[in-house]
Structure formats: C-alpha cells, structure tokens
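Down below is the structure, laid out as structure tokens.
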Amino acid sequence: MRRIAAAILGMTLAGTACRSVDPARVALETSAAAVATVRNGTYAYTYEGSGSLAGSYRGEVAFARGPEGAFFFKASLTPSPTPVDTSRRSPDGEPPSLVIASNGRELTARDEAIGRFSYGTYTGGSAHLANGSGYAVLFEFAEHDPFRSELAGDPVEVGVETIGGVECRAIRTTIPDFGGTEITWYIGVEDALPRGRDWVSGRPGAEGRFSFRIEGLTVNAPLGDDALAAASMPGDEIVAEDERDVGPGAPAPGWVLDSSDGASLDSEDLRGSVAVLAITSSWCRDCGLVTAALAEVAGRFADAPVRLVAVTAWEETGATPEVPGQGIEVLLRGERVAAEHKVSSPPAVFVIDPDGLIVLSRPTIDGSIEDLSRAVESAIRDALP
C-alpha cells in the first residue's frame with residue numbers, strides 16, 4: 001500500500017505541476033485515489049459526540065464493495081443505542097451491543113439490548129434498521145468520489161496526529177453544502193487512507209460535534225464467510241420488518257417511557273383518547289415548528305379527549321429537552337419507540353385512535369407544515385367518538 005500511495009502522490013503532483021501545489025488539497029485528492037483502490041477492509045473504531053451528534057460508541061466494522069456499486073458492511077455498536085437497564089450485560093460482561101449488516105439491498109440487525117433479530121429491505125420499509133450505522137461505518141470507502149464536498153471548500157493542513165499508531169496529516173475544511181460545517185480529516189502519511197475525522201455542525205438548530213477514530217485498518221485481505229453477516233442467537237425474537245405494518249389501521253406499537261416531570265407513561269394509558277404522537281429532537285429545527293403547529297391544532301380540541309405526546313430521541317444522555325408548544329407531554333429516550341414506528345430521523349407524526357389503532361402515519365414529513373396540520377386535524381376529527 002505504501003508503494004501505491006507513493007505512485008498516486010506522484011501522479012497527483014504531476015497533474016499540479018503547472019500550478020501552485022496546495023498540500024492540503026493534494027492530500028485529500030491523494031487519499032481519494034487511494035480509497036478507490038480499496039476493495040474491502042476491517043477496522044476498530046471509537047465515536048464520541050455531543051449535541052445533535054450525541055453518542056458514545058465503540059466496536060468493529062467489516063466492509064466490501066459489492067457488484068454494481070453495492071456496499072456491504074457489518075458494524076457493531078457497544079453499547080446498543082436502544083435504552084435499557086444500565087445494569088444489563090451481555091454474556092461476556094460487556095454492555096449489550098447492536099450489530100447491523102447490509103448487502104446494499106437487504107438489512108439485518110441484532111439488538112442484544114432487547115434480544116431481537118430483525119431483517120428487511122431498504123425498499124420494503126426497513127431502512128430504519130440502518131439507524132446507528134453512521135456512528136461506525138466510514139462510508140467514504142463506498143463513494144466513487146470521496147471528499148468531493150471537502151474539496152469544494154478551502155482545505156488547509158493543520159498539523160500531524162498519531163491515531164492508532166499511524167502518523168496522519170490533519171486536513172481541515174469548511175463544507176458549504178452543510179451550512180458551514182467544519183470537518184477535519186486525519187489521513188495516513190504512508191498509505192493516504194483516512195484514519196478519522198472531527199465534525200463540528202454549522203447548521204442552525206442542529207448544533208453538535210463528534211470525534212471518530214479508527215485503528216487496526218486492514219484492507220484488501222480475504223474476509224471470512226461470516227465477516228459481513230449478522231446472525232440471530234438462540235432465544236432471539238425474529239422480526240420481519242418489511243411485513244410489520246405501522247400504517248393506518250395497524251395497531252400502534254406499545255411502549256413505556258419516562259416523562260420530563262419525573263413520572264412515566266405507558267402507551268396503554270392513552271387508550272380512550274386520541275393521541276397525537278410526535279417523534280422529535282431538540283436539535284432539529286423542523287421538529288420545533290412541527291410540535292408548535294401540533295400544539296395549535298390540539299388546542300382546538302380543548303374539550304375533547306385529545307392528548308399531544310412528544311417522544312424525544314437522539315438526545316444527549318441525561319438531557320431533558322425543551323419542546324416548543326403548549327399542552328405537550330414530553331417523554332425521554334425514545335430511540336426504541338422511533339424504531340418501532342420505522343422512523344429513521346425526526347420529525348415524525350402519528351395519530352392514534354382511542355382503541356390504539358393508527359389513523360395517520362407520517363414516519364417522514366413531506367410537504368408544508370400547513371398541510372401536516374390539516375391532515376392531523378382531519379385525522380383527529382375522524383378518530384373522535
């Protein structure tokens with residue numbers, strides 16, 4: 001790989017001989033060319049994030065480029081993002097893990113935290129099974145044109161750092177496509193392959209940062225037969241996610257969550273009322289607009305059995321987020337509830353009738369806030385006895 005990197009660097013420098021050489025830009029271009037030579041790989045990683053990028057995970061990843069541009073991966077996340085009793089441990093004494101695998105079309109996920117093995121397809125309604133993979137998988141290895149957004153900015157070399165025993169160039173740039181987000185890449189000096197990145201979000205209402213590091217990177221070596229497959233374990237609940245319905249007429253998934261006032265709420269407690277369920281995050285600007293609009297709609301039914309519940313998810317551990325709007329019951333640590341409703345990212349809205357059946361399902365919000373408000377008001381009127 002050292003000879004390959006040197007050859008790539010030589011070709012890159014030759015291509016810039018007629019203009020001034022920018023070391024940072026050359027480093028990213030050289031890395032992009034080196035990444036293109038990678039057919040598969042494995043590594044261990046750590047992720048530490050805050051704000052909208054909150055999380056603390058470690059684990060291992062295997063990946064490979066498949067046919068026709070498909071990208072295969074298997075990633076473990078410890079601890080599992082699914083909230084569980086913190087005293088729970090896996091058989092080896094570690095916190096419970098989540099393992100996600102994909103072949104570009106199909107997805108499997110084994111969540112040790114809840115003893116469940118789920119499978120489905122991206123196109124069949126199971127894309128949410130990939131939730132969490134972004135903490136672990138360096139998807140630049142899948143791209144045909146990596147660092148395109150970074151190179152659209154003005155990269156600068158800001159120093160050298162050793163990561164996992166590998167000396168790396170630190171290349172920092174601002175990405176216009178992401179609202180001025182600042183990203184620092186750590187590129188191996190000898191092999192030109194990425195070993196980590198720091199990310200500071202510049203998007204208003206989505207402030208956050210993370211640090212991602214990999215070590216033990218091995219590329220283009222034979223992978224074992226099970227390197228890219230997630231397997232179920234004895235006693236696991238097996239769930240076919242494509243077949244699980246969260247649309248109108250389907251029973252709403254059950255749950256029990258802590259509330260922001262220190263109590264707890266069971267979804268069964270909502271029976272007899274029309275429940276408007278919003279899945280939201282404090283760092284999501286659209287979420288605040290949605291919950292405020294839902295509060296206005298719910299306010300028109302002050303004398304009717306209508307309850308507005310905001311399930312907050314993807315927040316920093318221990319955070320008690322504020323949710324815009326009046327008369328909202330705020331619940332915490334709702335990542336599992338989001339997954340049960342097949343939600344990949346906030347905001348999402350569901351209206352549930354007094355018998356616990358879904359009347360309106362919006363796992364993603366398309367269209368205007370006004371359109372959503374009208375749909376929710378109509379669903380409430382249809383669901384009231």
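Side chains included, hydrogens not; waters and symmetry mates left out as well; all remaining heavy atoms used.
A salt bridge does not link Glu215 to Arg58: none of the charged nitrogens lies less than 4.0 Å from a carboxylate oxygen. With salt bridges taken as basic N to acidic carboxylate O contacts below 4.0 Å, one links Arg110 and Asp236. A salt bridge does not link Arg25 to Glu150: none of the charged nitrogens lies less than 4.0 Å from a carboxylate oxygen.
Within the 4.5 Å cutoff, the side chain of Phe141 has heavy atoms near those of the Val35 side chain. For the pair Leu265/Leu257, no side-chain contact is recorded, criterion being any heavy-atom separation below 4.5 Å from C-beta on. Glu167 places none of its side-chain heavy atoms less than 4.5 Å from the side chain of Glu190. In this structure, the side chains of Asn131 and Ser344 come closer than 4.5 Å at one or more pairs of heavy atoms. At least one side-chain heavy atom of Pro253 sits less than 4.5 Å from a side-chain heavy atom of His341. Counting only heavy atoms from C-beta outward, the side chains of Phe350 and Val311 never approach each other to under 4.5 Å. Residues Ser282 and Thr312 are not in side-chain contact: their nearest non-hydrogen atoms beyond the backbone lie 4.5 Å or more apart. Within the 4.5 Å cutoff, the side chain of Ile183 has heavy atoms near those of the Ile175 side chain.
A donor and an acceptor atom, one from each side chain of Ser373 and Glu296, are nowhere located under 3.5 Å apart. Ser232 and Tyr119 are not linked by any side-chain donor-acceptor pair at a separation below 3.5 angstrom, with hydrogens and angles left out of the test. For Trp314 and Glu335, the side-chain atoms include no donor-acceptor pair closer than 3.5 Å. No side-chain donor from either of Ser264 and Asp258 sits under 3.5 Å from a side-chain acceptor of the other. A side-chain N or O of Ser56 and one of Glu48 form a donor-acceptor pair less than 3.5 Å apart. Using modelled atom types and a 3.5 Å distance limit, the side chains of Arg362 and Thr364 yield no donor-acceptor pair.
By the neighbour-count criterion of 12 heavy atoms within 6.0 Å, atom CZ of Arg244 is densely surrounded, having more than that number from other residues, nucleotides or ligands.
The hydrophobic cluster containing Ile100 also contains Phe71, counting ILVMFWY residues as joined when their side-chain heavy atoms lie under 4.5 angstrom apart, directly or transitively. Follow the hydrophobic side-chain contacts under 4.5 Å out from Val276 and you never reach Val309; the two are in separate clusters. Taking hydrophobic clusters as Ile, Leu, Val, Met, Phe, Trp and Tyr residues chained together by side-chain heavy-atom distances below 4.5 Å, Val337 does not share a cluster with Leu357. No path of Ile, Leu, Val, Met, Phe, Trp and Tyr side chains, each step under 4.5 Å between heavy atoms, connects Val160 with Trp185, placing them in separate hydrophobic clusters. Linking ILVMFWY residues whenever their side-chain heavy atoms come closer than 4.5 Å, directly or via other members, places Val290 and Val351 in the same cluster.
Between the Thr30 side chain and the Val26 main chain, a donor and an acceptor come within less than 3.5 Å of each other. Using a distance-only test at 3.5 Å, with no hydrogens or angles considered, a donor-acceptor pair links the side chain of Asn220 to the main chain of Arg39. For Ser273 (side chain) and Ala275 (main-chain N/O), no donor-acceptor pair under 3.5 Å exists by modelled atom type. Using modelled atom types, one side-chain atom of Asn103 and one backbone atom of Glu106 make a donor-acceptor pair closer than 3.5 Å.
Of all heavy-atom pairs spanning Pro81 and Leu98, the tightest one is CD-CD2, 3.8 Å. In terms of heavy-atom proximity, Leu384 sits nearest to Phe301 at CD1-CD2, 3.8 Å. Taking each heavy atom of Pro305 and Gly272 in turn, the nearest pair found is CB-O, 3.9 Å. Looking at every heavy atom in both residues, Pro251 comes nearest to Ile358 through O-CD1, 4.2 Å. Minimum interatomic distance between Ile328 and Thr291 (heavy atoms only, all atoms of both residues): CD1-O, 4.0 Å. Residues Ser260 and Thr320 approach most closely at CB-CG2, 3.9 Å, considering heavy atoms.
Between Ser52 atom OG and Arg209 atom CZ the span is 11.0 Å, to the nearest 0.5 Å. Note: Leu193 CG to Ile187 CD1 = 8.0 Å, rounded to the nearest 0.5 Å. Within the model, atoms CD1 of Ile352 and CZ of Arg307 stand 11.5 Å from one another, a figure rounded to the nearest 0.5 Å. Within the model, atoms CG of Asp191 and SG of Cys168 stand 8.0 Å from one another, a figure rounded to the nearest 0.5 Å. Note that CG of Asp242 and OG of Ser126 are 3.5 Å apart. Values are rounded to the nearest 0.5 Å.
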Please report the C-alpha distance between Thr173 and Ile171 in whole Å, then the side-chain angles of each, then the deciding distance to 0.1 Å, and finally whether the side chain to side chain contact (heavy atoms under 4.5 Å, CB included) criterion is met. CA-CA 7 Å; Thr173 188; Ile171 310 297; 5.8 Å; no

Check step by step if side chain to side chain contact (heavy atoms under 4.5 Å, CB included) holds for Arg197 and Thr184. CA-CA 5 Å; Arg197 60 181 175 177; Thr184 303; over 6 Å; no

Determine whether Glu60 and Thr42 satisfy the following criterion, side-chain hydrogen bond (donor to acceptor under 3.5 Å, both in side chains), listing intermediate values before the conclusion. CA-CA 7 Å; Glu60 298 177 344; Thr42 60; over 6 Å; no

Asp111 and Thr82: CA distance, side-chain angles, deciding distance, side-chain hydrogen bond (donor to acceptor under 3.5 Å, both in side chains) verdict: CA-CA 8 Å; Asp111 196 342; Thr82 302; 2.5 Å; yes

Report the C-alpha separation of Asp269 and Arg271 in whole Å, then their side-chain angles, then the decisive distance to 0.1 Å, and conclude whether the side chain to side chain contact (heavy atoms under 4.5 Å, CB included) test is met. CA-CA 6 Å; Asp269 297 335; Arg271 293 293 180 91; over 6 Å; no

Could you walk me through whether Asn40 and Val219 pass the side chain to side chain contact (heavy atoms under 4.5 Å, CB included) test, one step at a time? CA-CA 6 Å; Asn40 62 55; Val219 300; 5.6 Å; no

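Sorted by first then second residue, the ring-ring contact (aromatic ring centres under 6.0 Å, His included) pairs that include residues 215-259, not counting sequence neighbours, number zero. Evaluation of the side-chain hydrogen bond (donor to acceptor under 3.5 Å, both in side chains) test over residues 374-385, restricted to residues two or more places apart or in two chains, returns Arg300-Glu377, Asp371-Arg374, Glu377-Arg381.
Considering only residues two or more places apart in sequence or on other chains, Tyr186 meets the ring pair (Phe, Tyr, Trp, His ring centres under 6.0 Å) condition with none of them.
Aromatic ring centres of Phe210 and Tyr135: separated by at least 6.0 Å. Separation of the Phe63 and Phe72 ring centroids does not fall under the 6.0 Å cut-off.
Ring pair Tyr45/Tyr43 is perpendicular by interplanar angle, where above 60° counts as perpendicular and below 30° as parallel.
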